[in-house]
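Shown next, in structure tokens, is the structure this report addresses.
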Number of protein chains: 2
Amino acid sequence: MIKTKTPPDAATGQHKQARRVTSYDVAMLAGVSQSAVSRCFKPGASVSKSTYARVMKAAEGLDYIPNAAARSLITRRSNMVAVVISQMANLYYPEALAELSHQIARRGKRVLLFTMQQEGDVGRLLADIWQYQVDGAIVAAALTDEQIGEFERRRLPLVVFNRNLRRSDGVNSVLCDQYEAGRLLASRLAAAGHRQFGIIGGPADSPVATERRTGASDRLRELGLPSPAVVAGQFDYASGTHGLREIIAQLGRVPDAVICGNDVMAIGCLDCARHELGLDVPGQLSVAGFDAVEPSNWLSYNLTTLRQPIGPMAQAAAELLTALIDAREGHETTAQTRAFAPQFIDGATARLVALAPASLAA
Amino acid sequence: MIKTKTPPDAATGQHKQARRVTSYDVAMLAGVSQSAVSRCFKPGASVSKSTYARVMKAAEGLDYIPNAAARSLITRRSNMVAVVISQMANLYYPEALAELSHQIARRGKRVLLFTMQQEGDVGRLLADIWQYQVDGAIVAAALTDEQIGEFERRRLPLVVFNRNLRRSDGVNSVLCDQYEAGRLLASRLAAAGHRQFGIIGGPADSPVATERRTGASDRLRELGLPSPAVVAGQFDYASGTHGLREIIAQLGRVPDAVICGNDVMAIGCLDCARHELGLDVPGQLSVAGFDAVEPSNWLSYNLTTLRQPIGPMAQAAAELLTALIDAREGHETTAQTRAFAPQFIDGATARLVALAPASLAA
DNA sequence: TTGTAGGCGTTATCAT
DNA sequence: ATGATAACGCCTACAA
């Protein structure tokens, strides 16, 4: 007996123990060398038709599948992409994740998922990302410049998703201009004659939330409108309902319009206005959100909002990342930013035309 | 020069090329053997305090992180768990995924995500699951017995999520009894005097959808009620709106109650009834769904539905799977099923008390 | 086209 | 406690 550590039941052959079937087993059964087997599983390798057939038959008989861990050790490619996402509660992110997963799968890779509750928790995930030897990462969360630097040092392709446009230099990113979106929404509402605004913002550690909020309030200030009542929320439904009440308490009256940091909060705000406060929307109050998540389009809401083109953005992210991965060896490619324009959705929860003097009187 | 393929800039030391830093580098810098380094990264190994400190300092200086692929090659543990999910559109699954990811992360593992459009596509994913050497899998999709057998042959721990209770023997599973849930909903509605039902079912390839539908219609038959109008849907909003119209066309009248295969379809049905057909819900029509996803609880809907306890279910699945993984070597454990009771949510979209004779007259 | 041999970066065994 | 050394399963020159 020369074989080391033969499993106890090897002689009986009853069932093969933990020992997995390897390319050696296949080679033996097919009567070829191990490297021949290896070549058969590499697309575009030079193998004769006859050996290919023999190997494949043997592989099938043994249920052989190449071991990706062993392969990645030598090829330095794991065919895994890290996707880092917070705010699964946000509704926008599940939609984005579904698209990302699909697009990444199309390109022959798989998603290793990293989720977290707070955006601030990214730091603790990073070590794991290094460990798992992913080929690249798509991060939809706030990264500090230092953290981005770590990706560079490790030469790990990185695409940030929805990061602040104004800080996107030097980083490959896919995004909507959230600041501009905030401005746009404020402009449209102001143009319709709304004067007193409320803003229900998102979490402090979310750059997207911050951009939207400052975009809107900057624009309102430019227009010389009264300063809006601003309250903080958590991107969830309850933040919308509480937020509206808080705004009303702050102002001592119902505002003309409320801009919410995302659709879910806008829906909460809307429901509170209609069902708890008995307000007519958009008659007495305009409400608008961001994202155009699916429920915003439901008949009960038909929300006025700004769509982020999730599909194209996910596709762009996957495309950009795989390009970076394929080009990793050799020339440094310069970072690019793919910005998408938010699309205004003219729903039914915001009045968008100025009131005629007559109707003001009425 | 003996070193093979020394990178061109190795002499300059300017920046280290693709060559990654390994435990050897750390060992060299710390002045210890490579195996000493390895031990330092294995919790509970025997290392002296002084070498540990030296190694860790060197590791930090070099940004060294153990390579998980190399490790898994020998330990036979990748610390990855495959999660297979379809129907990301369903709203229920994103919520489940978020919980699963969280629970799995707590146990020191990560989720390798496999998504698909149709449940029938599971087959094509399986080969990838074998490839990636995951430690186990949680599958929330329809698996054939043969496919389950393949997991067993490969001794890959498997937990099925929300598979048919009546076929759960021999498979580790976490589920709600969907058939019973369907019966329960039918019973409650029938008890309130509803006689003519409509059912908007889910996709044909979804066992969950099938169970709910047959549970409801079996119960209606037992009660001797007129046979319901049954239409098929895709678990999405549009299926709910179209479904209701189709049911009305089939029956030639508005049914007393509609049971929908999930909440999103129920919401579609509800919106169609109220906003397109001008029906009073629950005055003229009762509508109920399944899952208690977040929007079902929003004020505009307050849907009558059956909650699946996502949190406990995800926790059970993660727990069960990790237990299986830890017990993999040695004794076969017998398969277990963890069934959770659906919880009736007494919303405001279904009339649940019988009409008094007086009000019938009125 | 095919086989031989070395190496990818760890962990695990066994002396010391 | 520490250091050699042999796996782990595969890919890839290189030689034949």
Side-chain angles (χ1 to χ4, degrees), chain A residues 2-7 16-28 30-55 59 62-79 130-133 329, chain B residues 2-7 16-28 30-55 59 62-79 130-133 135 154 329:
Chain A
I2 293 188
K3 280 183 97 173
T4 56
K5 280 260 227 88
T6 305
K16 46 186 185 313
Q17 186 80 340
R19 192 178 166 294
R20 315 187 239 195
V21 353
T22 75
S23 53
Y24 277 101
D25 303 320
V26 177
M28 193 139 306
V32 298
S33 77
Q34 182 273 334
S35 50
V37 176
S38 173
R39 280 191 283 263
C40 287
F41 284 89
K42 175 179 176 164
S46 85
V47 210
S48 77
K49 255 198 154 66
S50 71
T51 49
Y52 181 83
R54 289 228 308 289
V55 165
L62 295 175
D63 278 331
Y64 169 76
I65 298 266
N67 180 323
R71 167 183 293 165
S72 78
L73 202 51
I74 180 120
T75 60
R76 287 154 177 245
R77 273 240 181 354
S78 63
N79 288 325
W130 315 143
Q131 282 245 15
Y132 280 98
Q133 308 295 124
E329 41 260 16
Chain B
I2 294 189
K3 279 184 97 174
T4 57
K5 281 253 227 102
T6 305
K16 49 188 181 315
Q17 186 82 338
R19 192 177 165 293
R20 318 187 236 196
V21 352
T22 76
S23 53
Y24 277 99
D25 302 320
V26 178
M28 193 139 304
V32 297
S33 77
Q34 181 273 334
S35 39
V37 176
S38 174
R39 277 193 286 266
C40 287
F41 284 90
K42 176 179 175 161
S46 85
V47 210
S48 78
K49 256 196 152 64
S50 71
T51 48
Y52 180 84
R54 290 226 308 290
V55 165
L62 295 175
D63 278 331
Y64 169 75
I65 297 267
N67 180 323
R71 166 184 294 165
S72 78
L73 202 52
I74 181 111
T75 62
R76 289 154 176 244
R77 274 240 184 350
S78 62
N79 288 325
W130 315 143
Q131 283 243 13
Y132 280 98
Q133 307 297 121
D135 294 339
R154 295 177 186 273
E329 40 261 18

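In what follows, chains are A, B, ... by sequence order, proteins preceding strands, each numbered from 1.
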| query | R76(A) CZ to dT12(D) P: how many Å, rounded? | reply | 12 Å
| note | Looking only at heavy atoms, the pair that brings D135(B) and R76(B) closest together is OD1-O, 4.3 Å
| task | Could you tell me the separation between the CZ atom of R71(A) and the CG atom of N79(A), rounded to the nearest 0.5 Å? | result | 7.5 Å
| request: Over all heavy atoms of both residues, which pair between A59(A) and V26(A) is shortest? Give the atoms and the distance, please. | output: N-CG1, 3.8 Å
| said: Less than 4.0 angstrom between a side-chain N/O of S23(A) and OP1 or OP2 of dC10(D), yes or no? | reply: yes
| From S35(B) OG over to K42(B) NZ, what is the distance, rounded to the nearest 0.5 angstrom? | 12.5 Å
| field | Atom-to-atom span, OH of Y24(A) to P of dC11(D) - whole angstrom | value | 12 Å
| Residues within residues 38-49 of chain A bordering DNA chain D, heavy-atom distance below 4.0 Å | S38(A), K42(A)
| Under 4.0 Å between a side-chain N or O of T75(A) and OP1 or OP2 of dC11(D)? | no
| query | Can you find a donor-acceptor N/O pair under 3.5 angstrom joining the side chain of Q34(A) to the base of dC11(D)? | reply | yes
| note | Shortest non-hydrogen pair, S23(B) vs Y64(B), comes out as N-CE1, 3.4 Å
| query | Does dG9(C) have OP1 or OP2 sitting under 4.0 Å from an N or O in the side chain of T22(B)? | reply | no
| said: Measuring from the side chain of L73(B) (C-beta onward, heavy atoms only), which nucleotide among dC8(D), dA4(D), dC10(D) has the closest atom? | reply: dC8(D)
| remark: To the nearest angstrom, the CD-C1' distance between Q131(A) and dG9(C) comes to 13 Å
| Base, sugar-phosphate, or nothing: which does T51(A) touch, judged by heavy atoms less than 4.0 Å apart? | sugar-phosphate
| request: Supply the atom-to-atom distance S78(B) OG to N67(A) CG, rounded to the nearest 0.5 angstrom. | output: 9.5 Å
| request: Dump the intermediate steps for side-chain contact (heavy atoms from CB on, under 4.5 Å) on T51(A) and R39(A), then the final yes or no. | output: CA-CA 10 Å; T51(A) 49; R39(A) 280 191 283 263; over 6 Å; no
| Interatomic distance, M28(A) CE vs dC10(D) P [rounded to whole Å] | 13 Å
| Nearest-Å distance, CZ (R71(B)) to C1' (dC8(C))? | 16 Å
| remark: By side-chain contact (heavy atoms from CB on, under 4.5 Å), T22(A) pairs with (sequence neighbours left out) Y24(A), D25(A)
| query | Taking atom OH of Y52(A) as the centre, does the number of heavy atoms from other residues, nucleotides or ligands within less than 6.0 Å exceed 12? | reply | no
| field | For atom CG of N67(B) and atom C1' of dG9(D), their distance in whole Å | value | 14 Å
| message | Heavy atoms only, 4.0 Å cut-off, all strands: where does S35(B) land among base, sugar-phosphate and nothing? | response | base
| message | At 10 degrees resolution, what angle do the end axes of the helix from dT1(C)-dA16(D) to dT16(C)-dA1(D) form when each is taken over five base pairs? | response | 30°
| Closest to the A36(B) side chain, choosing from dT10(C), dG3(C), dG3(D) | dG3(D)
| task | Tell me which of I74(B) and Y52(B) sits closer to the 5' end of DNA chain D, going by the nucleotide each one is nearest to. | result | Y52(B)
| note | Looking only at heavy atoms, the pair that brings S72(A) and A69(A) closest together is OG-O, 3.0 Å
